[in-house]
Amino acid sequence: MTALVRNLASHHDATLVTIAILVCLFGGYTLFAIADHSSRVPANRRVLWLGMGAVAGGVTIWATHFIAMLAYRNGMPVAYSAKLTAVSVVVAIAGTMLSVLIGRTMVIAWAKPAAGLALGATISTMHFIGMSAMSTASPMQYDHRIVAWSIVLGTLLTTLAIAAFGFLRRPVARYLSATLLFTAGVGTIHFGSMAAMQMHDHAGPAVSQSVPSLLAIAITFGVIVVIGIALGGARIAAHDMRRDADESERMRSLANLSLEGLIVLDEAGIVIDANKRIDRFLGRPVIGLHIQEILPNVHPAMFTDDLRSEPVESELPRADGSRLPVEVLVHRTTHLRRAALVVVVRDLSERVEAQRRVLHVARHDPLTGLPNRLLFMERLESAVARTARTHGKTALLYIDLDGFKSVNDVFGHTKGDQVLIGTASLIETTLRSGDTLARLGGDEFAIVQSDGDQPEAAERLARRIITEIERGYGNGRGDVSLGASIGIAIAPDDSSEPAVLVRHADIALYKAKEAGRGTYRFFESAMDEALQERHSIEADMRNALAAGEIFLVYQPQMNADTGEITGFEALVRWNHPERGIIPPDAFIPVAEQSGFIVPLGAWILREACREAASWARPLNIAVNLSPVQFQQGALRKRVETTLIDTGLAPERLELEITETALLRDRDATIATLNELKSMGIRIAMDDFGTGYSSLSNLQSFPFDKIKVDRSFVSTIEEDEKAASIVKAVISLGHSLSLPIVAEGVESAEQLAMLRVERCTEIQGYLIGRPLPISAFRHLIDSDASEAGSVAA
Ligand SMILES: Nc1nc2c(ncn2[C@@H]2O[C@@H]3COP(=O)(O)O[C@H]4[C@@H](O)[C@H](n5cnc6c(=O)[nH]c(N)nc65)O[C@@H]4COP(=O)(O)O[C@H]3[C@H]2O)c(=O)[nH]1
């Protein structure tokens, strides 16, 4: 062995051998550096780097062999076949490539020994092809045992080099051991094979070409440049990758702070990166998924080149089966120096929930939680449309609570609210699943009933509601007293137009209320005509005052004993340009409902006072007051101003009120009446006997007069009951020391009977019809004796 080494040393140029070893060390290091780098690059670039590694490794093996051959000195001229030399280079590169590829097959347990074997075989094959490219004067003979040993040993060393690089973790140890073992392996095969070679002097022809030492230096230089470039490239690329990794790590930690989900897609739409937020949105990791698996409802075009700048709203199917409302925006970007798309996913659940709440508030009554008018109309429209398709019928029930205002007035709004909530629940118990109950405002409720045979089903429902409310609140149960009035309209019988249907149900409700507490009415077309009439009166009335169509007539009142005219009652008339004279019964209720009674009443009072103030004789003037005028407040002030303005003495003014004025805001009304009375004005109770005729009313307020309604007076001759009532009222007046006025006296017999009962005053056609004041000029201007002759 020692002789062998000595023989080798004597036949080799030490400098060139050193260069060969250095080239091998450098090339080996480069081979491992590139192999290492190739494992980190993306798959599409991996082949390129593996190719570069194979070139670097192959050229290293070849150059080591070639320089070592140039170092070989056996005293004979040497020539090289260019063709075989080229083949040896190709074999070296291809073999190294094969070895690298095998070595990369990490999953296979024997990948590393196989790679080492391939590398050893490559070095050996390359060596002997390289040797056969060499021509010397003497033929080459080998000691096959030594050749075999050097190949086995060299292959073992290259295998160990690959294994050390694969298994060692610390970079210095990895590179150092792998590079040294690789160089040792290459050197063992080369120099072992060289030691096994023997040449016999001048046994063959002279060589044709010789390679100068200068060429060795040039090849060495060229090889080092090639390997250096490869190594440099690998180093730069590794540096870039590290920088990319750092950058991407920094971006990822920033992205993880974002409240939005961020997804990075490659050109194929596969997720290559994402922040944690999107994983949380989805409930599973997204890397590797196709974007259509994440956002199946977003049009694929959104993720193509034709990017839309505006965000779109969609839903994200979550792992738990729920759907997250999101807004999606796609931007073009570069990710690790490659073109990519970034998909921004914004969680809209809070916004959607807020919108839902706003929508709910906009369509529901905050007190009862029931649908409000807006939602009710939508439901009505769809119910009418649906039943129209199925040739069915929809019933619309309008419900108004009787007596609810008193609950608010007496118990306050908190109690009123409780009653409304309670009523809503009561009504709900009467409904079927398809019915919609809504609160339209105040004490007004409505139901859309789209199932059942109509009108029977609506009638049954109306009865149930009335019964339930009667059971819950009737007769003061639960300390308040309520009833329900219901108006019903049916589609398509009454109309197929929801707005018209609503109006018809409202008209029917009005009629139900008119008919008394706790009833229901179906809409009838005649009701509409009456209402149209009412509306037309209401509209015309607004201009009537200004147009001078309203005027007063006066009806005389006479002292029953003396026959003397004591005064006049002012009665309003409307001379309509088309309808002619309209009686007050036809327009006063309309004016009361529309509020027009306030300016109208003020005008009547002023006109009557002005007229009376102009009379020569200081006769009384009686003016009717509507209950509504009391509710407007400022009544006392208005009366006072009117008296001052017209110059009428308060003692000449008599205000007639009906009992209904005392029903609403009783205390306030009585307070106003007291104020008026304290001014010297007299207050008469009108139409006594027709309304509640409550004696407590007479007790609550010291009226100056009671007027017995004409409905009793007109029948006193034939109707005993009426006669008894009139007698009772007159006697009540006597016992309370109250003057009694009998209205509607038309005959002398009636007058005679009333005189027998000692009725105080008489009013009626017998004394005089209501006429313009000009008809009574003789009564207001002449003296009392003449006036007394009217009914004497
Ligand atoms: N059949 C018959 N009728 C007689 C007789 N004597 C008088 N009348 C009528 O009886 C009504 C008496 O007026 P009222 O009871 O206050 O009843 C009044 C009153 O409640 C209301 N009204 C009339 N004028 C005014 C007014 O200026 N203001 C207010 N607020 N209401 C008024 O309209 C109601 C009806 O008024 P009018 O149509 O003027 O009807 C008047 C009068 O024309 C008679 O012998 N036989």
Side-chain angles (χ1 to χ4, degrees), residues 537 541 544-545 549-558 560 565 567-575 580-612 620-632 635 638-639 642 653-661 683-691 705-717 722 726 740-751 753-754 759 761-773 775-776 790-791:
I537 287 179
M541 203 160 47
L545 256 187
E549 293 164 16
I550 307 275
F551 65 100
L552 295 183
V553 290
Y554 297 84
Q555 186 174 33
Q557 294 173 332
M558 187 190 82
I565 296 300
F568 290 86
E569 180 180 0
L571 295 160
V572 70
R573 296 289 180 269
W574 178 7
N575 186 13
I581 302 288
I582 303 180
D585 288 337
F587 68 89
I588 291 286
V590 182
E592 283 177 336
Q593 239 179 20
S594 68
F596 183 66
I597 191 68
V598 176
L600 180 64
W603 180 86
I604 292 167
L605 181 70
R606 180 167 289 270
E607 181 59 17
C609 292
R610 191 194 55 74
E611 177 57 45
N620 296 334
I621 179 77
V623 178
N624 290 283
L625 280 187
S626 157
V628 180
Q629 285 173 275
F630 282 90
Q631 288 171 339
Q632 297 302 313
L635 179 65
R638 175 160 292 164
V639 174
T642 307
L653 180 62
E654 193 171 281
L655 296 175
E656 296 186 4
I657 66 157
T658 55
E659 278 182 300
T660 37
I683 311 290
M685 174 165 280
D686 202 3
D687 302 340
F688 194 76
T690 53
K705 233 180 218 183
I706 296 175
K707 294 184 81 174
V708 189
D709 193 70
R710 69 169 188 270
S711 56
F712 303 108
V713 177
S714 60
T715 52
I716 45 171
E717 294 158 277
V726 173
I740 305 294
V741 182
E743 285 185 297
V745 181
E746 293 185 3
S747 68
E749 291 74 25
Q750 289 168 354
L751 176 62
M753 280 181 78
L754 290 164
C759 179
E761 271 180 89
I762 306 294
Q763 187 180 340
Y765 292 170
L766 182 68
I767 318 301
R769 285 179 178 265
L771 290 170
I773 199 65
F776 303 108
V790 172

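Hydrogens, waters and symmetry mates are skipped; everything else that's a heavy atom, side chains included, is used. Whatever order the structure lists ligands and atoms in, that order sets their numbers, starting from 1.
- Not a single heavy atom of K707 lies less than 4.0 angstrom from ligand 1.
- A salt bridge links E761 to K705: at least one charged side-chain nitrogen sits closer than 4.0 Å to a carboxylate oxygen.
- Of all protein heavy atoms, the one closest to atom 5 (C) of ligand 1 is Y765 CE2, 3.3 Å.
- The distance from ligand 1 to the heavy atoms of E569 drops below 4.0 Å at these ligand atoms: 13 (O), 16 (O).
- Among protein heavy atoms, atom 37 (P) of ligand 1 sits closest to P584 CG, 3.7 Å.
- With respect to the salt-bridge test (charged N to carboxylate O, under 4.0 angstrom), the residues E569 and K707 qualify.
- Given atom 11 (C) of ligand 1, the protein heavy atom at minimum distance is R710 NH1, 3.0 Å.
- Among protein heavy atoms, atom 29 (C) of ligand 1 sits closest to N624 CB, 3.4 Å.
- Checked against a 3.5 angstrom limit, the closest N/O atoms of Q629 and ligand 1 fall outside it.
- Close approach of ligand 1 to G764 is summarised as follows: ligand atoms under 4.0 Å from at least one heavy atom of the residue are 6 (N), 45 (O).
- For ligand 1, the polar-atom distance check finds no N/O of Q763 at less than 3.5 Å from any of the ligand's N/O atoms.
- Taking atom 25 (C) of ligand 1 as the reference point, the nearest protein heavy-atom neighbour is V572 CG1, 3.7 Å.
- With ligand atoms numbered from 1 in the order given, ligand 1 contributes 15 (O) to contacts under 4.0 Å with heavy atoms of D687.
- For ligand 1, the atoms lying closer than 4.0 Å to a non-hydrogen atom of E746 are 1 (N), 2 (C), 44 (C), 45 (O), 46 (N).
- When E656, R573, E743 are checked for heavy-atom proximity to atom 12 (C) of ligand 1, E743 turns out nearest.
- At least one heavy atom of P770 sits under 4.0 Å from some atom of ligand 1.
- Those atoms of ligand 1 that come under 4.0 Å of a heavy atom in V745, given as number and element, are 45 (O).
- Counting only non-hydrogen atoms, the option in T658, V623, D585 that gets closest to atom 34 (C) of ligand 1 is D585.
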Practice item. Verify side-chain contact (heavy atoms from CB on, under 4.5 Å) between L600 and I550, making sure each step is shown before the conclusion. Key: CA-CA 9 Å; L600 180 64; I550 307 275; 4.0 Å; yes
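- With Q593 contributing its side chain and V590 its backbone, the two residues share no donor-acceptor pair below 3.5 Å.
- Scanning all protein heavy atoms for the shortest distance to atom 18 (C) of ligand 1 gives L571 CD2, 4.4 Å.
- Between Q555 and Y765, some side-chain heavy-atom pair lies under the 4.5 Å cut-off.
- Residue contacts with ligand 1, taken as heavy atom pairs separated by less than 4.0 Å, do not involve R769 at all.
- Relative ring orientation between F587 and W574 is described as perpendicular, the plane-to-plane angle rising above 60° on a 0-90° scale split at 30° and 60°.
- Note that atom 45 (O) of ligand 1 has protein non-hydrogen atoms nearby, at separations under 4.0 angstrom.
- Only the side chain of D686 comes within contact range of ligand 1, with a heavy atom under 4.0 Å; no backbone atom does.
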